[in-house]
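Residue numbers start at 1 and run along the sequence shown. Values below: all heavy atoms of this structure, side chains included; hydrogens, waters and symmetry mates excluded.
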Amino acid sequence: MENNVLILTTNECPGMRLVRVIGPVYGTSVRSRNMVGNFLGGIRAVFGGKQSGYLNMIAQTRDEALAQLADHAQSMGANAVLAMRFDSGEFDAGQGQAMNEVTAYGTAVVMEAL
């Protein structure tokens with residue numbers, strides 16, 4: 001489903017008027033790297049340096065959480081999300097498998113141009 005939901009970290013949008021506050025919305029994504037990626041990441045960690053595989057995984061997780069946030073807002077009749085924030089964490093899924101979790105959340109609203 002393609003959506004046209006405006007997502008802002010601010011509480012207002014210049015040139016737009018707040019018509020209706022709908023309420024809180026969120027999107028959550030959880031990802032993990034495969035065993036090879038974890039192994040190579042562990043080797044890189046020993047020697048230091050940029051962790052490209054993990055950076056890519058986190059970016060994909062964040063983008064998926066934003067897409068789910070927009071879908072949730074649209075399903076409630078919103079055309080924008082204000083005060084969007086991220087929350088993230090990592091947890092052990094067992095057998096040395098680290099899972100990265102990102103939640104995007106904010107306030108779903110209806111806005112119109114001035």
Side-chain angles (χ1 to χ4, degrees):
M1 164 168 64
E2 185 175 329
N3 61 58
N4 294 313
V5 175
L6 178 64
I7 300 174
L8 300 170
T9 58
T10 59
N11 294 327
E12 55 190 48
C13 180
M16 302 288 283
R17 179 173 73 91
L18 181 62
V19 176
R20 181 168 53 109
V21 174
I22 296 173
V25 289
Y26 60 89
T28 300
S29 178
V30 178
R31 287 183 177 262
S32 68
R33 291 191 66 196
N34 61 33
M35 291 182 67
V36 173
N38 281 334
F39 177 74
L40 293 175
I43 291 173
R44 284 192 189 108
V46 170
F47 296 104
K50 186 176 179 179
Q51 297 287 327
S52 298
Y54 287 116
L55 289 172
N56 291 336
M57 180 188 69
I58 291 167
Q60 290 171 349
T61 308
R62 180 197 62 229
D63 292 345
E64 189 173 285
L66 278 173
Q68 287 185 17
L69 171 73
D71 288 346
H72 187 199
Q74 188 174 42
S75 75
M76 295 177 71
N79 66 356
V81 175
L82 297 179
M84 191 283 300
R85 301 291 186 262
F86 286 111
D87 186 31
S88 66
E90 185 174 278
F91 59 91
D92 184 4
Q95 299 177 347
Q97 188 68 16
M99 304 292 274
N100 177 254
E101 170 265 329
V102 174
T103 297
Y105 61 95
T107 303
V109 299
V110 175
M111 301 186 80
E112 64 182 25
L114 291 175

| query | Which heavy atom of Ala78 sits nearest a heavy atom of Ala108, and at what distance? | reply | CB-CB, 3.7 Å
For residues 80-91, run the donor-acceptor check on the side chains, cut-off 3.5 Å, and write out each pair with its distance to 0.1 Å, sequence neighbours left out.
residue	atom	partner	partner atom	Å
Arg85	NH1	Thr9	O	2.8

| said: The criterion is side-chain contact (heavy atoms from CB on, under 4.5 Å); which residues satisfy it with Asn79, sequence neighbours excluded? | reply: Val110, Met111
| request: Identify whether Val102 and Leu69 are in the same connected component of the hydrophobic contact network (ILVMFWY, side-chain heavy atoms under 4.5 Å). | output: yes
| How long is the gap from CD1 on Ile22 to NE2 on His72, to the nearest 0.5 Å? | 10.0 Å
Side-chain donor-acceptor distances from residues 12-19 under 3.5 Å, at least two apart:
residue	atom	partner	partner atom	Å
Arg17	NE	Glu112	OE2	3.3
Arg17	NH2	Glu112	OE2	2.4

| query | In chain order, what residues pass the side chain to side chain donor-acceptor pair (under 3.5 Å) check against Ser29, with sequence neighbours excluded? | reply | Glu64
| field | Thr107 vs Val109 side-chain heavy atoms within contact, under 4.5 Å | value | yes
| side-chain contact (heavy atoms from CB on, under 4.5 Å) partners for Ala70, two or more places apart | Asn3, Val5, Ile7
| field | Common cluster, Leu8/Tyr26, ILVMFWY with side-chain heavy-atom separation under 4.5 Å | value | no
| query | Does Arg20 have any salt bridge (Lys or Arg N to Asp or Glu O under 4.0 Å) partners at least two apart in sequence or in another chain, and if so, which? | reply | none
| query | What distance separates Arg62 CZ from Arg31 CZ, expressed to the nearest 0.5 Å? | reply | 11.5 Å
| message | Once ring pair (Phe, Tyr, Trp, His ring centres under 6.0 Å) is applied, do any residues pair with Tyr105, and if so which ones, sequence neighbours excluded? | response | none
| said: Under the rule for side chain to side chain donor-acceptor pair (under 3.5 Å), what residues qualify as partners of Thr28, not counting sequence neighbours? | reply: Thr103
